[in-house]
Q: 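Mind having a look at this structure? Questions to follow.
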Protein chains: 2
Amino acid sequence: MTDVNTPDLMQIFDTIEYPEAYRITYLANAIVFPAYADIKKDFGLVRAEYILLACLSHFDVLTAQEVARISRRPRNTISRAVHRMLDEGYLDRAPDPHDGRQARLRITSSGRKLHDKISGYLSRRQDEVLGNLNADERQSLTHLLKKAALHAANLDN
Amino acid sequence: MTDVNTPDLMQIFDTIEYPEAYRITYLANAIVFPAYADIKKDFGLVRAEYILLACLSHFDVLTAQEVARISRRPRNTISRAVHRMLDEGYLDRAPDPHDGRQARLRITSSGRKLHDKISGYLSRRQDEVLGNLNADERQSLTHLLKKAALHAANLDN
DNA sequence: TTTTTATTGTTCCATTTGGAACAACATGCG
DNA sequence: CGCATGTTGTTCCAAATGGAACAATAAAAA
């Protein structure tokens with residue numbers, strides 16, 4: 001079945017002045033919003049909170065600042081998320097002995113368990129949204145996205 | 001110059017359970033947040049407002065509902081944006097003679113002028129973020145994004 | 001026709017959001 | 001050392017956000 005669509009509202013994909021930016025944000029919204037809504041409904045987590053979990057399930061120890069950099073979100077948003085996740089027992093925090101300003105964050109096993117459930121929501125939605133790409137296309141997209149993302153990570157110091 | 005980066009916080013691009021979703025949202029953030037901040041600072045526009053302008057600069061006439069669908073944003077957000085842009089003179093609104101519920105929105109010439117300035121912010125930032133892709137890669141990315149975006153547009157009716 | 005169901009745009013309200021200022025600590029420079 | 005500058009995490013506050021309910025209109029069903 002081909003993609004014949006919504007009247008033709010989607011001609012804008014071709015005429016917009018910033019076509020890649022538009023499609024990338026469109027896809028991001030298409031993936032994240034529905035997954036995000038489900039996660040909020042099922043677990044009561046706000047976006048910054050599961051982002052925090054995701055970061056900490058991939059690095060043993062992080063500071064709040066590092067999480068902010070990885071996720072491109074403001075520090076105060078992360079700070080709030082840290083507090084809520086500490087209260088819920090999904091995180092551990094210990095002052096850094098070498099730097100009195102920062103604290104070392106770790107995920108707890110219950111936090112990791114929660115993350116595993118949540119990441120299912122996102123990867124399922126991801127596969128739905130990218131479902132019409134064949135294996136080659138999917139791989140090629142992944143490669144290009146990674147190259148661009150690494151470059152983007154280095155852009156703003 | 002190669003992309004050697006932020007300590008190695010970016011290993012997460014490889015280990016995350018939903019790699020494409022993560023990179024797509026990461027790139028979306030990398031493009032949109034800085035551009036968005038500048039647009040807000042320079043023109044006082046909120047995101048929903050320039051999205052509205054962008055939609056109306058690509059379609060002669062739209063209803064608020066159609067804008068919401070194109071942009072994947074809630075109706076009330078668009079409704080508010082419509083009011084502010086009407087007040088500023090960037091939009092015209094006329095009741096639809098065939099359907100008393102909806103109103104036909106059009107961009108004014110001053111709105112179009114504003115959009116032209118704004119779209120520069122976004123396309124510049126887009127080119128910065130995608131700056132390390134060569135012409136072939138860029139074209140390939142564009143093609144894949146478009147295919148996926150069209151599919152996504154048909155997913156949730 | 002009348003009744004039910006769906007759609008559009010809006011308002012209400014609680015929550016989320018992010019900029020700005022802040023205190024605590026660290027680092028660089030005289 | 002003493003002073004300026006930078007960084008981390010936090011709080012404050014105003015603004016943006018989105019779900020839910022609503023009135024008005026339209027379409028579908030009975």
Side-chain angles (χ1 to χ4, degrees), chain A residues 6-7 9 29 32-52 55 61-87 91 93-105 156-157, chain B residues 6-7 9 29 32-52 55-56 61-87 91-105 156-157:
Chain A
T6 350
L9 297 180
N29 291 347
V32 164
F33 282 1
Y36 173 56
D38 287 348
I39 290 167
K40 194 177 197 177
K41 188 159 59 67
D42 294 353
F43 306 103
L45 292 194
V46 155
R47 199 193 294 209
E49 288 164 0
Y50 74 70
I51 285 175
L52 180 57
C55 290
V61 178
L62 288 175
T63 66
Q65 183 75 303
E66 286 170 327
V67 175
R69 266 198 288 269
I70 294 176
S71 62
R72 286 187 167 270
R73 291 215 138 50
R75 292 189 300 297
N76 57 2
T77 304
I78 303 297
S79 172
R80 272 185 295 249
V82 167
H83 287 291
R84 283 195 53 186
M85 300 314 257
L86 280 172
D87 289 350
L91 251 61
R93 181 170 58 172
D96 186 327
H98 304 302
D99 188 333
R101 292 167 304 180
Q102 53 194 13
R104 296 158 52 84
L105 304 173
D156 333 270
N157 40 334
Chain B
T6 349
L9 297 181
N29 292 347
V32 164
F33 283 181
Y36 173 55
D38 288 347
I39 291 166
K40 196 178 195 174
K41 188 160 57 68
D42 293 353
F43 305 104
L45 291 195
V46 157
R47 199 192 296 208
E49 289 162 1
Y50 72 71
I51 286 175
L52 180 57
C55 290
L56 284 172
V61 178
L62 289 175
T63 66
Q65 182 76 303
E66 286 170 327
V67 175
R69 265 198 288 269
I70 294 176
S71 61
R72 286 185 166 269
R73 292 213 137 52
R75 294 191 300 295
N76 56 1
T77 303
I78 304 298
S79 171
R80 272 186 294 252
V82 167
H83 287 291
R84 283 195 52 187
M85 301 314 257
L86 280 173
D87 289 349
L91 250 62
D92 271 346
R93 182 169 58 172
D96 185 327
H98 304 301
D99 187 333
R101 292 167 304 180
Q102 54 194 13
R104 298 158 51 85
L105 304 172
D156 334 88
N157 39 337

Q: Measuring from B:Leu52:CG to B:Leu62:CG, what's the distance to the nearest 0.5 Å?
A: 8.5 Å
Q: Take the protein atom CG of B:Asn29 and the nucleotide atom C1' of C:dG18, then report the distance between them rounded to whole Å.
A: 14 Å
Q: Establish, with yes or no, whether the OP1 or OP2 oxygen of D:dT10 is under 4.0 angstrom from a side-chain nitrogen or oxygen of A:Ser79.
A: yes
Q: Show me the side-chain donor-acceptor pairs of residues 39-49 of chain B shorter than 3.5 Å, one per line, residues at least two apart or across chains.
A:
residue, atom, partner, partner atom, Å
B:Asp42, OD2, B:Tyr121, OH, 2.5
B:Glu49, OE1, B:Val46, N, 2.9
B:Glu49, OE2, B:Arg84, NE, 3.1
B:Glu49, OE2, B:Arg84, NH1, 3.1

Q: Are any side-chain N or O atoms of A:Ser71 and backbone N or O atoms of A:Val67, one a donor and one an acceptor, separated by less than 3.5 Å?
A: yes
Q: Give the nucleotide from the list C:dC13, D:dA26, C:dT8 with an atom nearest to the side chain of B:Asp99.
A: D:dA26
Q: Provide, to the nearest angstrom, the distance between the CZ atom belonging to B:Arg47 and the P atom belonging to D:dA16.
A: 13 Å
Q: If you assign each of A:Phe33 and A:Ala103 to its closest nucleotide in DNA chain D, which residue comes earlier from the 5' end?
A: A:Ala103
Q: So which nucleotide from D:dT7, C:dT8, C:dG9 ends up closest to the side chain of B:Arg101?
A: C:dT8
Q: Where each residue is assigned the nucleotide of DNA chain C containing its nearest heavy atom, which of A:Ala48 and A:His98 is assigned the position nearer the 5′ end?
A: A:Ala48
Q: Taking the side chain of A:Arg93 as heavy atoms from C-beta outward, which of C:dT11, C:dT16, D:dT10 is closest to it?
A: D:dT10
Q: Can you measure from CD1 (A:Ile51) to CD1 (A:Ile70) and round to the nearest 0.5 angstrom?
A: 11.0 Å
Q: What does the inter-axis angle of the helix from C:dT1-D:dA30 to C:dG30-D:dC1 come out as, five pairs per end, nearest 10 degrees?
A: 20°
Q: Tell me whether the OP1 or OP2 atom of D:dG18 has a side-chain N or O from B:Thr77 closer than 4.0 Å.
A: yes
Q: Just to be sure I understand the rule, does B:Arg73 reach a base, reach only the sugar-phosphate, or reach nothing, if contact means heavy atoms closer than 4.0 Å?
A: nothing
Q: Quickly work out the B:Arg72 CZ to D:dG19 P distance and round it to whole Å.
A: 13 Å
Q: Nearest-Å distance, CD1 (B:Ile39) to P (C:dG18)?
A: 16 Å
Q: If you take atom types as modelled and just measure distance, does the side chain of A:Arg75 reach the base of C:dG19 with a donor-acceptor pair under 3.5 Å?
A: no
Q: Starting at CG of B:Leu91 and ending at P of C:dG9, how long is that distance when rounded to a whole Å?
A: 13 Å
Q: Go through D:dT10, C:dT8, C:dT17 for me and flag the one nearest to the A:His83 side chain.
A: D:dT10
Q: Among C:dT8, D:dG9, C:dT16, which nucleotide has an atom closest to any side-chain atom of A:Val46?
A: C:dT16
Q: Please walk me through it: do A:Met85 and A:Arg93 pass side-chain contact (heavy atoms from CB on, under 4.5 Å)?
A: CA-CA 10 Å; A:Met85 300 314 257; A:Arg93 181 170 58 172; over 6 Å; no
Q: Please report the closest heavy-atom contact between A:Asn29 and B:Arg72, naming both atoms and the distance.
A: CB-CD, 4.1 Å
Q: Considering heavy-atom distances to DNA chain D, does B:Pro74 or B:Pro97 have its closest nucleotide positioned more toward the 5' end?
A: B:Pro74
Q: Sequence neighbours excluded, which residues qualify as side chain to side chain contact (heavy atoms under 4.5 Å, CB included) partners of B:Arg80?
A: B:Asn76, B:Thr77
Q: Without decimals, in angstroms, what is the distance between A:Arg80 CZ and C:dG18 P?
A: 8 Å
Q: Kindly point out which of D:dA16, D:dT17, C:dG9 is positioned nearest to the side chain of B:Arg84?
A: D:dA16
Q: Hey, does A:Asp96 have a side-chain heavy atom less than 4.5 Å from the side chain of A:Thr63?
A: no
Q: Could you tell me whether the side chain of A:Asn76 has a donor or acceptor atom within less than 3.5 Å of a complementary atom in the base of C:dG19?
A: yes
Q: Report the distance from atom CD of B:Gln102 to atom P of C:dT10, rounded to the nearest whole Å.
A: 12 Å
Q: Whole angstrom is fine here: how far is it from CG in B:Asp96 over to P in D:dA24?
A: 19 Å
